[in-house]
Every structure is written in structure tokens, then in C-alpha cells.
Amino acid sequence: MKTDLFFTTGTGNSLWAARTVADELGNAELIPMLWAAGNPVQSQADAVGIIFPVHIWGLPQQVITFVNALAIDTSKYYFALAVNAGQVAATLLQLKKIMKSRGLFLSSGFDIVMPSNYIPWGGPGSEDKRMRRISDAKEKIHKISSIVAKRERWPVEKGPLWQNILFSWFYKFSFSYIPTMDKDFWVDDKCNSCTLCKKICPCGNIDLKTGKPVWLHHCEQCLACIQWCPKEAIQYGKKTPRYERYHHPEVTLEDIISISQRASRSGDAQDNTYSLIGQGRST
Ligand SMILES: Cc1cc2nc3c(=O)[nH]c(=O)nc-3n(C[C@H](O)[C@H](O)[C@H](O)COP(=O)(O)O)c2cc1C
Ligand code: SF4
Ligand code: SF4
């Protein structure tokens, strides 16, 4: 039994979750959604996993684009991991609904709590708290994997009712503003014009003018640029100069760059396996 794990990530939490599922299940392949987007996504596997970060209490645009491109095959087992920082809200219900509208059935969906990468609201928390979240997530993925291995149906996980109502409204309200939310990014004088932010952006939203980044207003708010800048020179609003940066400790810059760089050269939908599945286990 083979499993394809389609993932997207800004700071590596979802990539780590996908790797952990792959290690547990065996015979699994990791495929960045970015490489599949825009093509009719065919999978030869028996099970398809969809693994992504929760953004503003819902699905990132990239996940919606991916699901809309997924070939209709009702014989497969579909499951999802919504990787978040404690408020999954109705994200998995949203995914289930979109899939249903395409004739696909989401058999199970799980809430995976990891350290927060949403730096406009603060840092990722203490080292202790981060490590506890990662280790709890690992334990949960161990349990999930046995559900997935048996292809069991499991009700999709969700937040409390008040959260689902209120935050789903927020999601709907803010969704159309996301591409231009990059207007609050700025760069300070620590920038050494290394060009990494341009390379790492998954949607070509950064250009360099006189060696400094400018944002082009089709942002997906993955926050990879601000979190991975080696000089911590990218800021968002007023408070981020004093907030700690975060990326998953077992995911490397090379892992993330390889996703966006391969995507910018993409066009070949067949050769889409993410070759770094067994690499990048330390920074
Ligand atoms: C734009 C944005 C919005 C976010 N919204 C939520 C949210 O609604 N609920 C939540 O629990 N975490 C939220 N987060 C935190 C991420 O979901 C969480 O840190 C996730 O583990 C990041 O995964 P990644 O490293 O794969 O990108 C948000 C992060 C970003 C960048
Ligand atoms: S990654 Fe940071 S240091 Fe490098 S060009 Fe971008 S802002 Fe400047
Ligand atoms: S500009 Fe930054 S936050 Fe926006 S999509 Fe690119 S890397 Fe992500």
C-alpha cells in the first residue's frame, strides 16, 4: 500500500509533520503542493495525505488551488493534517466541504499543534514549550498513522463551536486582503543583499531593487521570508524587531529553497517526488 503526502510549508512544521507520517507509514512519498499546482494532479498511490499550515483559521490559497486540481478518484483514501499553533477552528471542515464539492471524500482529518510562526503576534514561545509541542505532535502522529494505515474513517477534528463561527467569519472577511498584506513588510539596515528572500518566496512575490527586497502584492503570507532571512533584517509592522524568529529545528534552509526553486522551474508534473525526504534532519 503506497501513500502520497502532498504538503506545503512556510517554516517547516508541515514538512516535518509530513516526514514523520512518511517515517511511520513507510512506502510514502512527499510531494510539495507547489510542484503539483496548475497541473491535473494524478496520484498512483492508494492513499493521499494533504498536509498544510492553518492560515487565519482556514486553508491557505495554495491548498485550495491544489484540491481543485486533484484528479477525481473515489477509490483512494484521503486524509489531512492541519498543522497549526492551537486554533485549528473549522479548517478541516472547510477542506472536507471543498473536497465534497469535487466528488472527493475526506476520510479523516487531524489537528496538529506546533510552535507558532505567526510573528506579527509574537515569537514562538520558550524552547521548552516548543519542544513539548513538537514531542506531543510526534506522539499524536504515531497514533494517527495507525488510523491511516488501516484506512479508517475518523471525524475531522475541529475547534469549539464559537471559534468555528467567529473565526470562519474572520477568514472569509480577510481572505481577499491576504495578497496585499505584504504592504507591512519592510527591511532594516542589517540586510546584506544576499537575495535569499527572493529565492525562498514560494510565489515569486519578492523582487530586489538596489539589492533590497520589495514585495509585489501577491503574497500568500507564509512568512518564510521574514522567518528565514539570515540577518533577521525583514520586519512586519512595528513589533517584529524584538520578536524571536522561528523555523522547525529539523528543517533546513536548503529544504525550503529546493521547494521554491524547483517550483519556479516546474512544468514537469510527472517527476514530482520531493527528494529531501530523508535529509535535513538538523540545522
Ligand atoms: C498568516 C498566518 C496565519 C496563521 N493563522 C493561524 C490560525 O488561524 N490558527 C493557528 O492555530 N495558527 C495559525 N498560524 C500559525 C501556523 O499555522 C503554525 O505555526 C504552523 O505550524 C506553521 O506551519 P509551517 O511551518 O508548515 O508553515 C498562522 C500562521 C500564519 C503565517
Ligand atoms: S534575505 Fe534578508 S539579508 Fe538577504 S536580501 Fe533578503 S532581506 Fe536582505
Ligand atoms: S512574500 Fe514572504 S510571506 Fe509572502 S509569500 Fe513570499 S515568502 Fe511568503
Side-chain angles (χ1 to χ4, degrees), residues 7-15 32-38 52-66 83-85 115-124 170-248 251-267:
F7 72 94
T8 178
T9 190
T11 49
N13 286 346
S14 307
L15 170 54
M33 284 181 203
L34 207 57
W35 297 0
F52 58 88
V54 172
H55 281 179
I56 319 187
W57 304 288
L59 296 175
Q61 178 63 57
Q62 209 186 115
V63 180
I64 298 174
T65 306
F66 167 78
V83 182
N84 65 90
S116 174
N117 69 351
Y118 194 64
I119 194 165
W121 283 2
F170 260 120
Y171 173 84
K172 279 186 197 134
F173 174 78
S174 55
F175 195 70
S176 62
Y177 295 103
I178 290 173
T180 52
M181 281 182 185
D182 62 2
K183 64 184 181 330
D184 289 327
F185 281 121
W186 52 282
V187 63
D188 67 28
D189 54 16
K190 297 196 293 300
C191 172
N192 66 356
S193 305
C194 73
T195 77
L196 179 93
C197 47
K198 182 176 160 75
K199 284 189 198 131
I200 212 171
C201 177
C203 48
N205 187 47
I206 297 180
D207 210 349
L208 292 173
K209 288 221 168 108
T210 57
K212 309 289 177 201
V214 288
W215 286 264
L216 305 174
H217 311 316
H218 49 87
C219 182
E220 294 197 357
Q221 282 284 294
C222 71
L223 301 188
C225 54
I226 184 169
Q227 294 285 15
W228 289 96
C229 166
K231 294 288 171 191
E232 301 190 3
I234 297 179
Q235 309 297 346
Y236 191 88
K238 289 189 184 136
K239 295 181 180 165
T240 60
R242 59 178 191 273
Y243 292 152
E244 190 182 346
R245 271 41 180 179
Y246 171 80
H247 62 79
H248 191 284
V251 172
T252 66
L253 189 54
E254 290 69 31
D255 293 338
I256 304 293
I257 290 179
S258 75
I259 298 172
S260 51
Q261 291 295 289
R262 161 67 166 74
S264 61
R265 294 195 305 271
S266 191

Mark yes or no for whether [X], through its side chain, and [Y], through its backbone, hold a donor-acceptor pair below 3.5 Å.
X	Y	result
Thr240	Tyr243	no
Gln62	Met33	no
Asn117	Tyr246	no

Got a second to check how far [X]'s [atom1] is from [Y]'s [atom2], nearest 0.5 Å?
X	Y	atom1	atom2	result
Lys212	Asp188	NZ	CG	9.0 Å
Gln261	Leu34	CD	CG	11.0 Å
Ile119	Glu232	CD1	CD	7.5 Å
Gln221	Ile56	CD	CD1	6.5 Å
Phe175	Ile178	CZ	CD1	5.5 Å
Gln61	His55	CD	NE2	12.5 Å

Can you find a heavy atom in the side chain of [X] that is under 4.5 Å from one in the side chain of [Y]?
X	Y	result
Pro230	Cys194	yes
Cys191	Lys231	no
Trp228	Thr11	yes
Phe7	Ile259	yes
Leu59	Tyr171	yes
Pro53	Thr8	yes
Pro120	Leu223	yes
Asp255	His247	no

Item to complete: Please collect all ring pair (Phe, Tyr, Trp, His ring centres under 6.0 Å) contacts where either partner lies in residues 183-209, sequence neighbours excluded, each pair once.
Response: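 The answer is Phe185-Trp215, Phe185-Tyr236.
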Practice prompt. Locate the shortest heavy-atom distance separating Thr9 from Ser14; write the atom from each residue and the value.
Written response: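 Taking Thr9 first and Ser14 second, the nearest heavy atoms are OG1-N, 3.6 Å.
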Kindly list each side-chain donor-acceptor pair under 3.5 angstrom involving residues 195-210, sequence neighbours excluded, with atom names and distances?
residue, atom, partner, partner atom, Å
Thr195, OG1, Lys199, NZ, 3.4
Asn205, OD1, Leu216, N, 3.2
Asn205, OD1, His217, N, 3.1
Asn205, OD1, His218, N, 2.9
Asn205, ND2, Asp182, OD2, 2.9

Worksheet item: Quick check: are there more than 12 heavy atoms from other residues, nucleotides or ligands sitting under 6.0 Å from NZ of Lys190?
Response: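 Yes, enclosed.
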Practice prompt. State which residues pass ring-ring contact (aromatic ring centres under 6.0 Å, His included) with Tyr118; sequence neighbours excluded, sorted by chain then number.
Written response: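 Only Trp121 meet the ring-ring contact (aromatic ring centres under 6.0 Å, His included) criterion with Tyr118.
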